[in-house]
Structure formats: structure tokens, C-alpha cells
Number of protein chains: 2
Amino acid sequence: MNQDRPIKKTTIYDLAELAGTSASAVSAVLNGNWKKRRISSQLAEKITRLAEEQGYAINMQASLLRREKSKIIGMIVPKYDNRYFGSIVETFETMARERGLFPIITCTRRDPELEVEAARTMLSYQVEWLVSTGATDPDRISDICGAAGVGSLNLDLPGTKAPSIISDNFTGARELTRRILVNSERKLGAARPLLFIGGRGSDHNTVERVRGFRAAHADIGVAVDERHILTCGYAPEKAEMSLQALAMAERELPSGMFVNSTISLEGVMRWIKRSGHYVNHTPVIGCFDWDPFAALLGDEIEMVRQDVQGMLNAVFEVIDHGAKGASLIEIPPIFVDSNYALINDPTA
Amino acid sequence: MNQDRPIKKTTIYDLAELAGTSASAVSAVLNGNWKKRRISSQLAEKITRLAEEQGYAINMQASLLRREKSKIIGMIVPKYDNRYFGSIVETFETMARERGLFPIITCTRRDPELEVEAARTMLSYQVEWLVSTGATDPDRISDICGAAGVGSLNLDLPGTKAPSIISDNFTGARELTRRILVNSERKLGAARPLLFIGGRGSDHNTVERVRGFRAAHADIGVAVDERHILTCGYAPEKAEMSLQALAMAERELPSGMFVNSTISLEGVMRWIKRSGHYVNHTPVIGCFDWDPFAALLGDEIEMVRQDVQGMLNAVFEVIDHGAKGASLIEIPPIFVDSNYALINDPTA
DNA sequence: CAACGTTGCTCAATCGATGAAGCAACAATT
DNA sequence: AATTGTTGCTTCATCGATTGAGCAACGTTG
């Protein structure tokens, strides 16, 4: 607990004195290269035992200052409020630790200023790599890292100044749209054009997904209604308001929807439940991203799952072996039926 | 990017040479106490400008080594796979930063070994406080911290060796149970005993919630069926298997359930959907914890929301002002109707 | 003009761990 | 006996930032 005079932490000098030896011998023993430094195993044992007894913990600040490599790896993440980012963070931590790296993660709440501040702070802590996940301005972060000689990587949203690992949004969206259209046809007898909702028209992922959405419609010769592409932002409220506005303007709403994230889906489901539209005929829905409860809502929610493990494999491939320039690596998302997805949830 | 000869980072010595002054002047200017050290504002400005130009970033390892305080605060968290922990982490980060503390968070995936290892690593990084969230063995962590003179705190699950901040599980569970019973009565005409599912019989929270569950039944004079208290663990699969086993053993299942976490609720909802029980009469459900999609499932899912902000206020109250011994602080959870909860989701 | 105060800096020790260089003691080889 | 090799350590500079102590230059006061 909280002592008034904080216990002075044991250092290698304390251990050296206790063992009647020198600090450098203690250091050599405790960081494992005592054989290289020709310390006798007797002394090694004695020091190890003393360290144990004294509850010695190395001072990383001192150690890292002296070494050339920090073995610290940073990640910036926008939110912890959905399975996708949660899974990214958890997988990242695990994979970093497997490599003997120490992960530091900061949540920037989609705030560009905080992103930059967080990046600078991480540089102060001597991170060796910085992974920007879903950053609003990844290139800015790459510039800051570049100036400090620190490697950076973009995950989820691409940039132009560092290798970017993202989902194959176009192909994923095309296939998701195709599936929604098939479900729609099965339910309604004929394929009818869908609504696209959620995301920002300015962000790369949304642009690509809209492109896939259009392509899937074109594939079966169905025309997309331009007024039904609602890239209103990600927040649930935005989706809700956007749907409300559409319902005021049009006499009939589309019978199927492509929802661009689970976050937007929250708003969509809420509106469907509240508004009283769709009482008799619930719409056919597909969502780009996965959530276990959302998968249980309604009876026909098709969900694509982004391949988090695959993306992070690619991230660490770059970190472990390097990558050429600002390459763009696209990882195919995963399609599974909702029950199967639940059974195999790796984060569960 | 990845340069072959890593750019040597700018230090205060480099800046000192550029400015034609000493490192100590640079240090004084950059850490803001140049007035105290009587540096002229001219020189201060010059140094500031140079630092900006050179993209100088302080070396925290060096700075922290010299200072006595690290201003680093650690948190251990079991998972990132639900809103509760996600919200805890996000709020913790924000509040830490507001206080000029640097938060380090590690996810230990409910692995006791990893918890201990993570705690030790955090001590190496000279954390000033360690918050153990939902730790399997909080006292072990408190011991480790105590030996190093570092303050520790338990969040969500209590321990006996450090101040613990938890939800008022008993009162929360009693009220949640009361509400489920009321819903059940409204739906079925009479109050019938409920099923309790999820959590570990050995963990404090579960014990308290079962106690509240029993109390609410006693309050209205309904007997609890002991075979219907299924503390089978948190994982969805466990809940599912547990329900399946019960369905095999009994002819009739309870018409209402108290589900001990959203994680368990995943399994419960899955089983309900798959098993074919409850086809005509969906059970009345209450869940200790909140999830936006779960709130939209069925029509009568009552959810308690743990007061994350309140709990973290208490955490930082202890950190800012200290606490006496291993006190137990219980924060009342929040009851809201599901629509209201959605509207006011602070994490949305 | 001597004494003292103020301004604006610099010097050097320090935090704890690391590792190259060096050194004493002894063994083995010629 | 002299040389060389090996073992098992110690010494000391170093990483970058911080800070108490000190010092030169100038102004002010009696």
C-alpha cells in the first residue's frame, strides 16, 4: 500500500553490496548474458537468489536509456466501443508480447489533436514503431514519426506515407451487397436496390465500400438510387437522423440496407424499432463488421467480419521483415453465417 | 519510414550547441521552469524555436530516470470484448491524462500468470499506481506492488490488501431481480422464480449478486429453486451448455432469467435461438451489464449499467487524495430503461 | 569605491543499467 | 622459466535530462 516514506527500490548496486560483488556482475547475471561475461555459476546463483529475496525489479528507464533499442511499440486506436477495435487491440498486445515487445496503446477518440499529441508522447517514450489505427490523419503521424526516425504503419485506414494494412473493402462490400441482394430476392421475390448507410464520404474505406456496393448492383443489372447512399458519419445518432430525414422525404423506404459499421447499425436498429416503419416487413440487412448480439437481431442480418488476425499478421510481417515504401496491403474480410461466426469467436 | 541508418534523435545537447548555450539552459527552458532558473526570455524563445525546428522530443527514459516521479499509471484489464471493460479503459485513459499521468494498459485475458507478469513489467516501468481490474488474484498483485512501494487498487473485483472499488452488486442485483420479477408477473400473471446464470460461484461479485437475487425473491415471498442457480462461468459456451444440461434434466424451464454478464448473455441468447425451447413464450430476461444491441434483443431485456464514471471517480479520488487501508467502496449501478440508455451512451 | 544584490547563465554530479576494456590469479604449454 | 591462455571478475564511461551550487558581469547603495 501507500507508505508515507516510499520504500527505496532495490537497485543492482544494493544487490552488488549484498552479494559482495560489483554492479556490473549483477547486471550481467540478471540480464542473462553472464555466461558471455564469464561470471561463475556460483555467483550467478547467489545474485539470482538475492534478487528474488529482495523483490528486485529492473528499472526500465535506466535500462532503456543505456540500450539502443527500447523494444516498445505503440498503437493509436480511436475507440474501444466495438468488437473490431477491441479485437485489434487484444491481438496486437498478444503478438507484440510474443516478440518481446512492450505494447503501449492510446485511445484518441477520433480527435485529430489527441492523435498528434499521443504520437508525440509515444515518441518521447522511444517507441520503435507506431501503428496508427483508424487515424483521421495518418500521414501527419507518419511525418512526425519519420522526423524522429521511427517507423510507422497504418491499420484500418490507409495513408500515403507509410505501409498501410486494411481490409479489402471493395471486394468485401461487393460480396456483402451481393448477399443482401440475394436475401432480399429470396424474401421479396425480386432484387430491389438497397440503401447504403453510415461512414464518411471522405474516408477511404467508405469510398471503397460504396464502390463495391455499386458494383454488386451493376453485376445483377439493378440501378442504385443515389438518394439512398447516406454517408452520414458513423455515430448511431447520425444514422438515426439520416433515416428519419429520408422517411420524411420519400413515400417508400428501401427494403434492404447495407450498414457501414456496427456503430451505425446501433442507430439503424434503434430507428427501425422506434420509428414504426418496417412494422410488417423488417428490412433485409447487412453490416460491414461483426457483433455477437447484432448477429442475433432480426433474422437476416448478414455480417462481414474483418480479418483482424490476418491484418495483424501483415502488420508484424512489416515490422519483423520490413516493407517497401508506402505499400497498401489489403486483407480479404471473412464471410461466415452468423451462427458459425459466434461459435468461432476468437475473442470469446 | 524505416531508414537504414536510424536518424540520431535530437537531444538537449544538440540544441545547446545550435543555440550556443548549455544543456542545462535548454533543459530549463523546455521543461518550463526557465523563469525559476532565471533564463532570459530571449534565450528561451530561441531555444523553443530551435526545438520546434529540429522536431525535438524529450527522452522520457532519461527524464524519468532523473526525476523521482514517473507519472506513469498502470491498469490491468481482463478483456476488451465488452462495453463495460471498454468503457473502463477509455474513461481511465481520459482521466489519467487529465491529471498529467501517462496510462499504460495491459490486457491479461483472465490468465493469472499473465496478470503477475504484467504487474512485474509495469513495476519495471516505474508505475506509481497499478489498478487491477477484474483480476483473478488481486491480492497477489497488491503484494507485488507493496513490496516495491507502489500503490495498488482493485477495480470491479475486490481484494483484501488494497482499496477496492466495485459496483454495489447486492443492491444492484436485488433491484434487477425485482424488475425481472415485475416484468414476469406482468407477462405471466404471477411472479415465478427465476433462473440465475453466469459467473463463478467463487467470485465476490457473483456471490453478492446471487445474494441480491435471493433477497428479491424473498422480498415477495417466492422460493428460489437451488437447481436454477447456474454459476457456470462467464464464457458464452458455458452458459449454453449449462442451459442445455438443465433442459435435458427438467421438464419445464424457468420463464425468466437473471444473466450475470453480457458475455454470458451471448450464450444464453444463442441457446434460446438454437434450442427451440421458448418458441412460443420468450423468457423475461435481465442482465447485469449493458450492451446496445443486447438491449434491442427481445422485448423485455432489462439491463443494469455499472457506473463506470462513478467507479473511476472513486479510483482517482483514492489516487489523488489517498485512502485508509483496504477499504471497500461500492458504487450503485445505474438503472435506466433500455431506450434511454441507448440515447445516453457516453461511449457512443 | 567597497559592499552587496541581481541577472543570466554554466558546471558537474546524479539517476540505474550496460558493456568495452582491463587486470589479477592461476593453468597450461613450450 | 618464460610465454600464452583462460577464468572471473572490476573499473569506468556512457545514455539524456535534471538541478544544486557556483560564478561572472553588471547595477545599486551608502
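Below, chain A is the first sequence line, B the second, and so on; all start at residue 1.
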S.K.: On DNA chain C, does the nearest nucleotide to B/Ala44 precede the nearest nucleotide to A/Ile12 from the 5' side, or the other way round? Give the residue.
M.R.: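 Upstream on the strand: B/Ala44.
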S.K.: For residues B/Tyr234 and B/Asp203, is any side-chain donor paired with an opposing acceptor at under 3.5 Å?
M.R.: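 The criterion, which ignores hydrogens and geometry beyond distance, is satisfied for B/Asp203 and B/Tyr234.
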S.K.: Could you check which of C/dT10, D/dC9, C/dG19 has an atom nearest any side-chain atom of A/Ile39?
M.R.: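 My answer, after comparing the listed nucleotides, is D/dC9.
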S.K.: B/Ser40 side chain N/O closer than 4.0 Å to the phosphate oxygens (OP1, OP2) of C/dT7?
M.R.: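 Checking C/dT7 against B/Ser40, no side-chain N or O comes under 4.0 Å of OP1 or OP2.
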S.K.: Mind calculating the distance between CE (A/Met60) and P (C/dG16) to the nearest angstrom?
M.R.: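 Rounded to whole Å, this separation is 16 Å.
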S.K.: Mind calculating the distance between CG (B/Leu15) and C1' (D/dG16) to the nearest angstrom?
M.R.: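 These atoms are roughly 12 Å apart.
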S.K.: With a 3.5 Å cut-off and heavy atoms only, can you find an N or O donor on one side and an acceptor on the other between the side chain of A/Arg37 and the base of D/dG8?
M.R.: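 Such a pair does not exist between side chain and base.
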S.K.: Assess, by modelled atom type and distance only, whether the side chains of A/Tyr56 and A/Asp14 contain a donor and an acceptor separated by less than 3.5 Å.
M.R.: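 Per modelled atom types, A/Tyr56 and A/Asp14 side chains form no pair under 3.5 Å.
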S.K.: Quick one: does A/Asp137's side chain get under 4.5 Å of A/Pro112's, heavy atoms only?
M.R.: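 Answer no - side chains too far apart.
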S.K.: Using only side-chain N and O atoms of A/Tyr56, determine if any of them is under 4.0 Å from OP1 or OP2 of C/dA17.
M.R.: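 The answer is yes; a side-chain N or O of A/Tyr56 sits under 4.0 Å from OP1 or OP2.
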S.K.: Looking across every strand, which nucleic acid part, if any, lies under 4.0 Å from B/Leu30 by heavy atom: base, sugar-phosphate, or nothing?
M.R.: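 Answer is nothing: B/Leu30 stays at 4.0 Å or more from every strand.
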S.K.: Measure CG/A/Leu64 against C1'/C/dA17 and give the value in whole Å, please.
M.R.: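 Atom-to-atom, A/Leu64 to C/dA17, this comes out as 10 Å.
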S.K.: Picking from C/dG16, C/dT10, D/dA17, which would you name as closest to the side chain of B/Leu65?
M.R.: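 The nucleotide sitting nearest to the side chain is C/dG16.
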S.K.: Which one, D/dT10, D/dG8, D/dA17, comes nearest to the side chain of B/Ser63?
M.R.: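 Closest of the options to the side chain of B/Ser63: D/dA17.
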S.K.: Quick check on D/dT10: is either OP1 or OP2 less than 4.0 Å from any side-chain nitrogen or oxygen of A/Thr21?
M.R.: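 So the side chain of A/Thr21 is within the cut-off, an N or O lying under 4.0 Å from OP1 or OP2 of D/dT10.
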S.K.: Taking N and O atoms by type only, does the side chain of A/Ser24 place a donor or acceptor under 3.5 Å from a partner on the base of D/dT11?
M.R.: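 Such a pair is found, so the answer is yes.
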S.K.: Quick check for you: among C/dA12, D/dA17, C/dG19, whose closest atom lies nearest to any side-chain atom of B/Tyr13?
M.R.: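 Selected nucleotide (nearest to the side chain): D/dA17.
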S.K.: When you measure from the side chain of A/Ser63 to the backbone N and O of A/Asn59, does any donor-acceptor pair fall under 3.5 Å?
M.R.: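 Judged by distance alone, no pair lies under 3.5 Å.
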S.K.: Between D/dT14 atom C1' and A/Glu68 atom CD, what is the distance in whole Å?
M.R.: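 Whole-Å distance recorded here is 13 Å.
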S.K.: Counting just side-chain N and O atoms, does B/Ser27 come under 4.0 Å of either OP1 or OP2 of D/dA17?
M.R.: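 For B/Ser27, the contact criterion (side-chain N or O under 4.0 Å from OP1 or OP2 of D/dA17) is not met.
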S.K.: Mind checking whether A/Pro78 and A/Arg109 have side chains closer than 4.5 Å, heavy atoms only?
M.R.: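 A/Pro78 does not reach A/Arg109 side chain to side chain.
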S.K.: Quickly work out the B/Glu17 CD to C/dT10 P distance and round it to whole Å.
M.R.: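 Taking atom P of C/dT10 as the reference, CD of B/Glu17 is at 13 Å.
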S.K.: Does a side-chain N or O of A/Asn33 approach OP1 or OP2 of C/dG19 to a distance below 4.0 Å, or not?
M.R.: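 Answer is yes, contact under 4.0 Å.
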S.K.: Can you find an N or O donor on one side and an acceptor on the other, under 3.5 Å apart, linking the side chain of A/Arg67 with the base of C/dG19?
M.R.: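 When only heavy-atom distances are counted, A/Arg67 does not reach the base of C/dG19 through any donor-acceptor pair under 3.5 Å.
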S.K.: Across the strands shown, which category fits A/Leu43 at heavy-atom distances under 4.0 angstrom: base, sugar-phosphate, nothing?
M.R.: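 Contact class for A/Leu43: sugar-phosphate only.
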S.K.: Just compare D/dC15, D/dC23, C/dA17 and give me whichever is closest to any side-chain atom of B/Arg38.
M.R.: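 Of the options given, the side chain of B/Arg38 lies nearest D/dC23.
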S.K.: Could you tell me the separation between the CG atom of B/Asp14 and the C1' atom of D/dA17, rounded to a whole number of Å?
M.R.: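 Whole-Å distance recorded here is 13 Å.
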S.K.: To the nearest angstrom, how far is B/Lys35 atom NZ from C/dG8 atom P?
M.R.: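 Result: 12 Å.
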S.K.: Could you work out which one of D/dG16, C/dG19, D/dT10 sits closest to the side chain of B/Ala62?
M.R.: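 The closest nucleotide is D/dG16.
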S.K.: Taking atom types as modelled and ignoring hydrogens, do the side chains of B/Glu330 and B/Ser167 form a donor-acceptor contact shorter than 3.5 angstrom?
M.R.: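 B/Ser167 and B/Glu330 do not have a side-chain donor-acceptor pair below 3.5 Å.
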S.K.: In whole Å, I'd like the distance from the CD1 atom of B/Ile47 to the P atom of D/dA17.
M.R.: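 So the two atoms are 13 Å apart, to the nearest Å.
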S.K.: Reckon A/Lys8 has a side-chain N or O less than 4.0 Å from the OP1 or OP2 of C/dG16?
M.R.: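 Yes, such a contact exists.
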